[in-house]
Engineer: 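Here it is, the structure, as structure tokens.
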Amino acid sequence: MTKEERLKKRHRSEKRFKLYGVASIFVALLFVLILVQNIFSKGSSAFMKTAINVEVFFDPELLELQNGASSDDILQADFFDITIETLLKAYPAKNLDEENELIDLFSTDAEIEIRKAFLENNNLVGKKINLEITASDDIDQLHKGNYPRDLPEDRRRISNFQLNIYDNLVESKKIVKNFNNYFFKNGDSRNPELAGIGGALVGSFYSILICLLLSFPVAVLASIYLEEFAPKNKITDFIEININNLAAVPSIVYGLLALQILLATIQLPRSTPLVAGITLALMTLPRIIIPCRASLKAVPPSIREGALAVGASKFQSVFHHVVPLALPGTLSGTIIGLAQALGETAPLILIGMVAFVVDIPSTPIDPSSSLPVQVYLWSESAERGFVEKTSATIMMLLSFLIVMNFIAVYLRQKFEKRWN
Amino acid sequence: MSNIKIKSKNLNVYYGQKQALFDVNLDINEKEVTALIGPSGCGKSTFIRCINRMNDVIDICKVEGNIEIDGIEVNDKELDVVSLRERVGMVFQKPNPFPKSIYDNISYGPKIHGKGETKSELDEIVEKSLRKAALWEEVKDRLDEPGTGLSGGQQQRLCIARAISVNPEVILMDEPCSALDPIATAKIEELIDELKKTYTIVIVTHSMAQAVRVSQKTGFFHLGKVIEVGKTEKIFKNPDNKMTQDYITGRFG
């Protein structure tokens with residue numbers, strides 16, 4: 001081979017390598033794009049809900065309330081008759097079957113919504129107002145175009161009569177799309193139109209908070225001790241190897257551990273953010289210790305020597321100089337560890353967080369769900385409405401993770417650049 | 001004849017299995033510059049790191065024998081290293097200012113030793129130390145800027161000022177100019193000349209010329225042993241030992 005040929009060959013192989021690199025990045029991006037597109041197209045509609053505009057008449061004969069009644073009285077009063085009257089007025093139904101079908105177009109929470117409207121404006125007795133009442137899941141999905149209406153009637157959840165009403169309501173512009181506040185406010189529900197991630201959000205928040213409070217101080221102190229103070233011998237080597245091993249232990253194993261120790265032995269309350277937080281803290285601990293030690297190790301020894309040489313004690317050299325320099329790395333490692341904990345599902349399933357919880361937890365020892373478990377729960381549900389809810393929950397979870405990772409990157413860049 | 005400040009007797013140092021110093025006996029005079037020369041790995045740095053017990057940091061390092069400063073044993077396990085290092089400052093091969101402001105770099109030592117109680121006392125110490133290190137004029141207007149933003153030579157003078165700030169009796173310098181250009185080196189040498197009026201200085205250097213320029217006494221190390229110690233003039237003009245002669249004339253090393 002001549003010199004020129006060799007040179008050409010070298011250039012060719014370089015070009016080839018570049019091409020492989022670009023191609024693999026392209027493939028990776030494509031997968032991400034497909035994932036995001038899939039989640040968005042399915043999930044974005046969950047942030048809107050369908051409502052039907054109806055006229056409510058607070059008939060004094062049906063309502064046992066006077067204007068100016070106390071809110072306690074209103075909450076106890078019976079709004080059932082008024083609700084039925086209101087819903088039936090939406091369309092002329094000829095017999096009992098048709099009436100039932102008509103009522104089925106509305107959410108089961110119609111009564112609560114009417115009461116709420118009354119509660120907000122406490123002098124409506126004998127008056128008429130227009131109210132947008134949440135539609136049932138079937139109408140919601142039909143209106144969003146997720147439900148095929150060209151199936152034969154016996155294979156449809158919506159009857160011809162109901163379709164007829166729906167078309168009529170659309171024509172008279174009685175059907176509206178509103179922002180779905182239930183999705184953020186409510187806990188889980190059997191009715192997709194009422195189900196929300198409120199409970200899961202609060203549950204996840206408590207879990208991560210407890211996880212942070214438990215794992216961060218322990219992890220930071222452990223890494224400072226191991227990195228700066230502990231003698232380097234067989235015992236510390238053994239500890240180091242085991243920390244690395246623990247970080248690789250499948251999370252479900254931590255779930256089993258928590259099941260046995262926290263639930264069976266200590267008898268902490270099942271399905272609670274408290275237990276979830278402790279379990280996640282156990283799992284996150286080694287995952288924080290590793291980046292924490294790495295960032296301590298990255299502080300140049302000359303800084304320690306400089307401090308020692310002016311007469312700082314070991315403790316002073318570590319806490320005045322090494323730890324502040326390692327802090328950005330430590331914090332970003334912690335945040336990434338917490339982000340992993342936030343998306344963790346398997347151990348939470350084992351400690352009973354898969355329970356169906358309607359109420360939003362007010363303390364960490366109330367039964368609760370969490371975002372990833374909510375995804376798991378809804379993905380198993382048959383109702384069409386839960387498909388979009390599942391994707392929307394994934395969107396929420398992903399956006400939390402992205403925000404956390406951004407904070408981690410920001411902290412690292414901002415505080416590490418400062419002196420260079 | 002000046003007083004002996006530091007006296008080492010039969011000093012042996014081991015790094016694990018490897019012995020780094022063999023029976024080192026060396027006296028260092030007060031308010032004088034003592035230069036330690038010798039080829040790389042001969043134990044010069046190990047020796048000066050024994051004087052302020054910096055070798056404690058290295059787990060596998062073991063020190064046997066005696067070093068006395070003003071008759072007080074340094075290797076005494078009961079001795080508080082913090083107060084020892086307050087008396088014996090050190091400047092390293094590579095400038096290592098803290099990644100903090102110039103002011104904080106200097107005030108850190110006095111603060112941890114409780115020397116500057118008030119802000120004005122600290123201000124005074126900072127100014128005095130920087131003046132002594134011939135850096136004041138260059139940085140007086142930017143004391144709150146990071147010390148790491150200075151040039152190499154300025155950083156090294158900042159480290160000298162940091163060492164001075166706790167008002168030590170001895171300053172150890174471990175090849176302080178090896179990372180600097182000739183102009184910065186000249187400035188540091190000038191500074192060392194000035195500092196020896198107040199402090200006892202031990203300097204490790206690879207530059208024979210530097211040893212001649214700054215020191216009054218020179219010790220030649222080879223393979224962990226002190227081959228020859230004497231007045232600098234004598235060592236460089238008329239050494240007793242053949243090996244010293246060979247080293248200073250550049251025949252090995």
Side-chain angles (χ1 to χ4, degrees), chain A residues 223-241 292-332 411-420, chain B residues 48-49 51-60 80-101 104-115 129 145-150 155 158-168 171-174 179:
Chain A
S223 16
I224 291 175
Y225 177 76
L226 282 175
E227 205 52 54
E228 302 290 332
F229 294 98
K232 303 272 175 283
N233 56 27
K234 287 212 169 98
I235 301 172
T236 44
D237 279 352
F238 181 74
I239 292 174
E240 170 152 18
I241 291 169
C292 207
R293 288 187 67 178
S295 58
L296 285 169
K297 219 175 250 168
V299 175
S302 65
I303 297 292
R304 296 177 180 85
E305 287 192 329
L308 291 176
V310 288
S313 64
K314 181 85 194 163
F315 179 85
Q316 286 170 326
S317 85
V318 169
F319 283 90
H320 293 170
H321 298 282
V322 180
V323 171
L325 285 174
L327 208 57
T330 304
L331 289 181
S332 68
L411 281 177
R412 208 163 31 204
Q413 290 196 337
K414 169 153 192 204
F415 290 103
E416 279 191 348
K417 258 187 195 163
R418 216 164 132 193
W419 300 107
N420 294 330
Chain B
I48 67 163
R49 288 169 67 96
I51 301 174
N52 67 345
R53 298 247 312 253
M54 277 307 270
N55 284 326
D56 287 11
V57 181
I58 302 161
D59 278 334
I60 55 165
D80 180 23
V81 281
V82 167
S83 52
L84 170 68
R85 289 177 192 151
E86 194 184 335
R87 291 173 59 201
V88 184
M90 189 162 190
V91 177
F92 296 86
Q93 189 170 355
K94 226 180 117 222
N96 60 344
F98 302 134
K100 301 183 179 213
S101 70
D104 288 345
N105 260 286
I106 311 293
S107 65
Y108 179 70
K111 256 189 208 157
I112 58 171
H113 293 299
K115 284 188 173 163
S129 308
E145 280 177 30
T148 41
L150 297 172
Q155 284 190 19
L158 181 66
C159 292
I160 293 174
R162 184 174 69 190
I164 294 170
S165 67
V166 291
N167 202 17
I171 300 176
L172 309 173
M173 298 185 172
D174 190 355

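We use all heavy atoms of the structure for the numbers below, so side chains are in, but hydrogens, waters and symmetry mates are not.
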Engineer: Under 4.5 Å heavy-atom distance to chain A, tell me which part of B:Val57 shows up: side chain, backbone, both or neither.
Structural biologist: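 For B:Val57, the contact with chain A is made by the side chain alone.
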Engineer: Counting heavy-atom pairs under 4.5 Å to chain A, which of B:Gln93, B:His113, B:Met90 comes out on top?
Structural biologist: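 When all of B:Gln93, B:His113, B:Met90 are compared, B:His113 has the most.
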Engineer: If you count heavy-atom pairs within less than 4.5 Å of chain A, which of B:Leu172, B:Asp59, B:Ile112 leads?
Structural biologist: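 Top count of heavy-atom pairs under 4.5 Å with chain A: B:Ile112.
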Engineer: What are the two closest non-hydrogen atoms of B:Pro99 and A:Ile303, and how far apart are they?
Structural biologist: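 Taking B:Pro99 first and A:Ile303 second, the nearest heavy atoms are CD-CD1, 3.6 Å.
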Engineer: To the closest 0.5 Å, what do you measure between CG (A:Leu308) and CZ (B:Arg53)?
Structural biologist: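 Interatomic distance, A:Leu308 CG to B:Arg53 CZ, rounded to 0.5 Å: 12.0 Å.
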Engineer: Decide if atom CZ of A:Phe238 counts as having more than 12 heavy atoms of other residues, nucleotides or ligands within a radius under 6.0 Å.
Structural biologist: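 No - once you tally the heavy atoms of other residues, nucleotides and ligands closer than 6.0 Å, there are 12 at most.
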Engineer: I'd like to know which of B:Val82, B:Leu84, B:Asp56, B:Asn105 tops the heavy-atom pair count under 4.5 Å against chain A.
Structural biologist: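 Sorted descending by pairs with chain A, the first entry is B:Val82.
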Engineer: Considering only NZ, NE, NH1 and NH2 on the basic side and carboxylate oxygens on the acidic side, decide whether B:Arg49 and A:Glu305 come within less than 4.0 Å.
Structural biologist: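 Answer for the salt bridge query: yes.
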Engineer: Examine whether an atom of B:Pro95 lies under 4.5 Å from a heavy atom of chain A, and if so say whether it belongs to the side chain, the backbone or both; otherwise answer neither.
Structural biologist: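 Neither part.
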Engineer: Looking at B:Val166 and A:Val310, what are the two nearest heavy atoms and their distance?
Structural biologist: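 Smallest heavy-atom distance, with atoms named: CG1-O, 4.0 Å.
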Engineer: Measure B:Val88 against the heavy atoms of chain A and call it side chain, backbone, both or neither at under 4.5 Å.
Structural biologist: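 The answer is the backbone of B:Val88.
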Engineer: Aromatic ring centroids of B:Tyr108 and A:His321 under 6.0 Å?
Structural biologist: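 Centroid distance B:Tyr108-A:His321: below 6.0 Å, so yes.
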Engineer: Give the member of A:Lys232, A:Arg304, A:Lys314, A:His320 that has the highest number of heavy-atom pairs under 4.5 Å with chain B.
Structural biologist: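 The answer is A:His320.
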